[in-house]
Amino acid sequence: SFASESSYGGSFVTDDDLSSVLKYYQEVLTKLGWESQVHEAAQDNYVFEIKNELYRGEVIVNIAGDREKTAITIAVAAR
């Protein structure tokens, strides 16, 4: 993970399957006050473009290198 005065983010791996992670982010981002649009960037690779009043960024969800786990990368910066 990283953080600075105007940006932050991190990368994570979970045992949850890709569809469960996608569903989670589709449900929770709005509840947390983020506007979001998701698109499939490549097979098994999805990008949520997110923004709120203070920040703009991305949540990237894809199959991890082992093809069994799901990788999540979050990066946001001040608007």
Side-chain angles (χ1 to χ4, degrees):
S1 61
F2 70 92
S4 70
E5 188 174 307
S6 62
S7 62
Y8 64 92
S11 294
F12 315 93
V13 176
T14 179
D15 289 329
D16 295 318
D17 63 43
L18 181 67
S19 62
S20 296
V21 175
L22 289 171
K23 183 178 177 182
Y24 171 79
Y25 279 103
Q26 287 170 332
E27 292 174 358
V28 77
L29 286 169
T30 303
K31 290 179 183 177
L32 294 174
W34 291 93
E35 294 178 40
S36 71
Q37 292 185 325
V38 62
H39 67 275
E40 186 174 12
Q43 184 178 0
D44 298 328
N45 184 320
Y46 295 83
V47 177
F48 290 85
E49 295 178 15
I50 60 172
K51 64 182 176 180
N52 64 18
E53 290 183 16
L54 301 175
Y55 294 96
R56 170 183 302 271
E58 295 180 332
V59 177
I60 301 168
V61 180
N62 59 290
I63 297 294
D66 66 1
R67 305 296 302 163
E68 295 178 12
K69 297 180 180 173
T70 302
I72 305 155
T73 302
I74 300 170
V76 296
R79 292 180 82 163

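None of the values given here were measured: they were computed from a predicted structure.
With rounding to the nearest 0.5 angstrom, the CG atom of Leu32 is 10.0 Å from the OH atom of Tyr25. The distance from atom CD1 of Ile72 to atom OH of Tyr46, rounded to the nearest 0.5 Å, is 14.5 Å. Within the model, atoms CD of Glu49 and CD of Glu35 stand 12.0 Å from one another, a figure rounded to the nearest 0.5 Å.
Remark: Tyr55 pairs with Tyr8 by the ring-ring contact (aromatic ring centres under 6.0 Å, His included) rule, at least two apart or across chains. Shown here are the ring-ring contact (aromatic ring centres under 6.0 Å, His included) partners of Tyr24, two or more places apart in sequence or in another chain: there are none.
Listed here is the closest heavy atom pair of Ser7 and Phe2: OG-CE1, 4.0 Å. The minimum heavy-atom distance linking Glu58 with Ile50 is given by the pair N-CG1, 4.0 Å. In plain terms, the two heavy atoms of Arg79 and Glu53 that are nearest each other are CD-O, 3.8 Å. Residues Val47 and Ala41 come closest through the heavy atom pair CG2-CB, 3.9 Å.
For the pairing with Lys69, the side-chain contact (heavy atoms from CB on, under 4.5 Å) check across Asp15, Leu18, Ile63, Asp16 returns one residue only, Asp15.
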Exercise for the section: Go through the steps to decide whether Trp34 and Val28 satisfy the test side chain to side chain contact (heavy atoms under 4.5 Å, CB included), and finish with yes or no. Expected result: CA-CA 9 Å; Trp34 291 93; Val28 77; over 6 Å; no
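Between the Thr70 side chain and the Thr14 main chain, no donor and acceptor come within less than 3.5 Å of each other.
Residue Glu40 places its CD atom among more than 12 non-hydrogen atoms of other residues, nucleotides or ligands, all under 6.0 Å distant.
Both Phe48 and Leu54 belong to a single network of hydrophobic side chains, linked directly or stepwise wherever heavy atoms of I, L, V, M, F, W or Y lie under 4.5 Å apart. Under the 4.5 Å side-chain heavy-atom criterion for ILVMFWY residues, a single connected hydrophobic cluster contains both Ile74 and Leu29.
Put simply, the side chain of Phe12 does not reach to within 4.5 Å of the side chain of Val21, judged on heavy atoms.
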